[in-house]
Amino acid sequence: MIKVLVVEDEEKITRFIELELIHEGYKVIKVNNGREGLEIAEKGEVDLVLLDVMLPELNGLEVLRRLRKTSDIPVIMLTARDAVMDKVSGLDAGADDYITKPFAIEELLARIRTALKKRIVTVKKDEDVIKCGLLSLDKMKHKVMYDNNEIELTNREFTLLQILMENKNIVLTRDVLIEKACGYDYIGETNVIDVYIRFLRTKIDDVFNTKIITTVRGVGYVIKDE
Ligand code: CA
């Protein structure tokens with residue numbers, strides 16, 4: 001489940017955002033001051049932060065500046081109407097986006113989706129061998145191993161596994177997986193990803209009695225690095 005941290009001291013707004021996000025299937029963690037918000041965001045256990053600018057203890061811009069020293073987690077700033085300076089400072093300090101209060105919930109949801117997607121694209125791993133627990137994937141040798149056993153995969157299975165492993169701990173939607181595994185111009189069956197996930201599970205999970213790929217209902221798939 002995608003976890004969103006809401007750092008906002010106006011209870012009414014927090015409550016409104018929380019209800020809507022839960023309704024959309026997100027998990028919500030809320031705090032009402034900047035210090036706590038920074039602490040939680042730094043732990044890296046949330047997928048996105050909605051960060052108000054005017055906050056007690058530590059203001060939103062300061063939270064963002066400190067957070068960016070250690071984390072590239074998507075951050076959407078919540079700014080007051082017409083606070084142009086806040087927007088500019090926020091983007092300068094590394095915010096992915098901002099939204100002006102009051103906002104329509106649809107707009108916020110769209111921005112959240114975009115920010116999460118952007119993150120998927122910007123996560124780039126340069127290492128040749130990617131590891132998740134006992135599973136390792138060698139991009140150069142085109143080889144997948146589980147606990148010293150080689151696993152034979154077709155090209156497409158390999159590509160799909162590589163995408164999931166390169167973005168480990170990030171839930172990838174079917175659309176994103178199709179685009180990356182089959183190409184932008186793919187026009188075949190939309191359940192193709194489910195089919196290949198099943199093949200991967202048959203070759204890895206069933207054989208080694210493990211559970212590598214997690215289904216996130218209504219969203220997509222993720223490989224978690226335990
Ligand atoms: Ca505030």
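Read the numbers this way: they start at 1 and go in the same order the structure lists the ligands and their atoms.
- Using the six-membered ring where Trp is involved, His142 and Phe158 have ring planes that are parallel, under 30° apart on the 30 and 60° scheme.
- Scored by the ring-ring contact (aromatic ring centres under 6.0 Å, His included) test, Tyr221 finds no partners at all (sequence neighbours excluded).
- Every residue two or more places apart in sequence or in another chain was checked for a side chain to side chain donor-acceptor pair (under 3.5 Å) with Glu45, and none qualifies.
- Residues Tyr196 and Arg156 meet the side-chain proximity criterion, which asks for heavy atoms closer than 4.5 Å.
- Under the side chain to side chain donor-acceptor pair (under 3.5 Å) criterion, Arg198 pairs with no residue at all, not counting sequence neighbours.
- For the side-chain contact (heavy atoms from CB on, under 4.5 Å) test with Ile17, the passing option among Leu109, Leu78, Val4 is Leu78; the others fail.
- Listed by chain and residue number, the protein N/O/S atoms under 3.0 Å of the Ca ion (ligand 1) are Asp9 OD1, Asp52 OD2, Met54 O, with waters left out.
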